[in-house]
There are 2 protein chains.
Amino acid sequence: MTITNTETAATPVSKVPRLPEELVNSTAFLLKRLGFVSKDRSISAYDAMGLHPYHHAVLAVLEAGPPETQASIADTLGYDRGQLVGLLDELEEKGLLERRRDPDDRRRHIVSLTPAGKKTLAKLRATADRLEEELLAPLTSAERAELHGLLRKLAEQHLPQCSTLPRP
Amino acid sequence: MTITNTETAATPVSKVPRLPEELVNSTAFLLKRLGFVSKDRSISAYDAMGLHPYHHAVLAVLEAGPPETQASIADTLGYDRGQLVGLLDELEEKGLLERRRDPDDRRRHIVSLTPAGKKTLAKLRATADRLEEELLAPLTSAERAELHGLLRKLAEQHLPQCSTLPRP
DNA sequence: TATTGTTATACTCTATAACTATA
DNA sequence: TATAGTTATAGAGTATAACAATA
């Protein structure tokens, strides 16, 4: 195990060997790793409530927007439509939303939040806030705003669904 | 399909429905999504060379540090040791590194770069640089430095392997 | 008995594409 | 014929644990 120690004999031994500068100096690398741990932690946290971040996203779409069909939900979140079916099944079984046929087009389902769904969404929000606080703990308030602004700029370019269109 | 349009009739129709503010306002959410697209694109780019970002990381560790065993490489990168075996098999088969038994402990393999491995690493670096440039295109040079510094602070806290220990 | 590297197994995700019912 | 939702299947990726050689 001593072979993994990259410190000199005089310096305190770190149990965890350091990543090469080449990787740590890459913003993309840090983004990938931090995104991974963030995802990992949120999955664990939501799992304790029997849900997944995907479920939160679906509920958030339902509360934010006009009545949605399954196709519009999937498109908004960038999810596969087949994948969404299972998510909706789980949320419906828990009584957090309901599907009803669109009378104007009986192929479609109009999906809407139930009161229980809104309550659960509030809880998920609290969990998300806690996770966000943990993630950003090392940063000052100004730094957090700065980081968010920079990520927004990247999202504008790379995540079309995040683009802030000029509103009327 | 018109039901997915969240714009009013007077505004130009965006093909991609917008994500709810609740999600876009979350730094963790942006981090996860941007990390995902970044990972996705790098996998595609490396795939064109018959390699994977994992391979780049392994080669970078070998060039940066002292002679490594398989266990030390895995620990440095946070990879599973079983997973690493396959990666090393592929790299060895391409002649980019070699394994030889450690005479002091015949259970161990000392892994080292070949000249071909160094050449390939240079190519992978060029690819990584190009991907980084694409990712950060929307930012000025100052903003890039700012973003990297902020992510470093987060990494310090959340990615122990990235922590910058005081050097002698 | 513990550790290094290896292999095998199983499980989760995801992507694809059939299938139905409606249009 | 095309679309909305559903279901089934296969593939990649990952995690777990059994295994042989050596300490």
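Proteins come first, then strands; the chains are lettered A, B, ... in the order of their sequence lines, and each starts at number 1.
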Does a side-chain N or O from [X] land closer than 4.0 Å to OP1 or OP2 of [N], or not?
| X | N | result |
| --- | --- | --- |
| B/Arg99 | C/dT6 | yes |
| B/His109 | C/dT6 | yes |
| B/Gln83 | D/dT16 | no |
| A/Arg81 | D/dA4 | yes |

Within this structure, what is the [atom1]-to-[atom2] distance between [X] and [N], rounded to whole angstrom?
| X | N | atom1 | atom2 | result |
| --- | --- | --- | --- | --- |
| A/Leu87 | C/dC13 | CG | P | 11 Å |
| A/Asp89 | D/dT7 | CG | C1' | 11 Å |
| B/Asp47 | D/dG11 | CG | P | 17 Å |
| A/Leu84 | D/dA4 | CG | C1' | 12 Å |
| B/Glu68 | C/dT4 | CD | C1' | 15 Å |
| B/Arg100 | C/dG5 | CZ | C1' | 16 Å |
| B/Arg108 | C/dT6 | CZ | C1' | 17 Å |
| B/Tyr79 | D/dG13 | OH | C1' | 13 Å |

Around B/Phe36, counting heavy atoms of other residues, nucleotides and ligands shown, do more than 12 lie under 6.0 Å from its CZ? no
How would you label the contact of B/Tyr54 with the nucleic acid (heavy atoms, under 4.0 Å): base, sugar-phosphate, or nothing? sugar-phosphate
Want to settle it: does A/Phe36 or A/Asp80 sit nearer the 5' end of DNA chain D, counting the closest nucleotide to each? A/Asp80
Aromatic ring centroids of B/Tyr46 and B/His56 under 6.0 Å? yes
Nearest-neighbour nucleotide for the A/Val85 side chain, C/dT7, D/dT6, D/dA4 considered: D/dT6
Using a cutoff of under 3.5 Å, can you pull out all pairs of nitrogen or oxygen atoms linking the protein to nucleotides 19-23 of chain C, with atom names and distances?
residue	atom	partner	partner atom	Å
C/dA23	OP1	A/Arg106	N	3.1

Does any non-hydrogen side-chain atom of A/Leu113 lie less than 4.5 Å from one of A/Leu96? no
Restricting to side chain to side chain contact (heavy atoms under 4.5 Å, CB included), what partner residues turn up for B/Arg106, sequence neighbours left out? B/Arg101
What heavy-atom pair brings B/Leu19 and B/Leu23 nearest, and what distance separates the two atoms? CD2-CD1, 4.4 Å
Heavy-atom pair of closest approach, residues A/Cys162 and B/Leu30: SG-CD2, 4.0 Å
Starting at the 5' end of DNA chain C and moving along, which residue's nearest nucleotide shows up first, A/Gly82 or A/His52? A/His52
Between A/Ser26 and B/Glu132, is there a side-chain donor-acceptor contact under 3.5 Å, judged purely by atom types and distance? yes
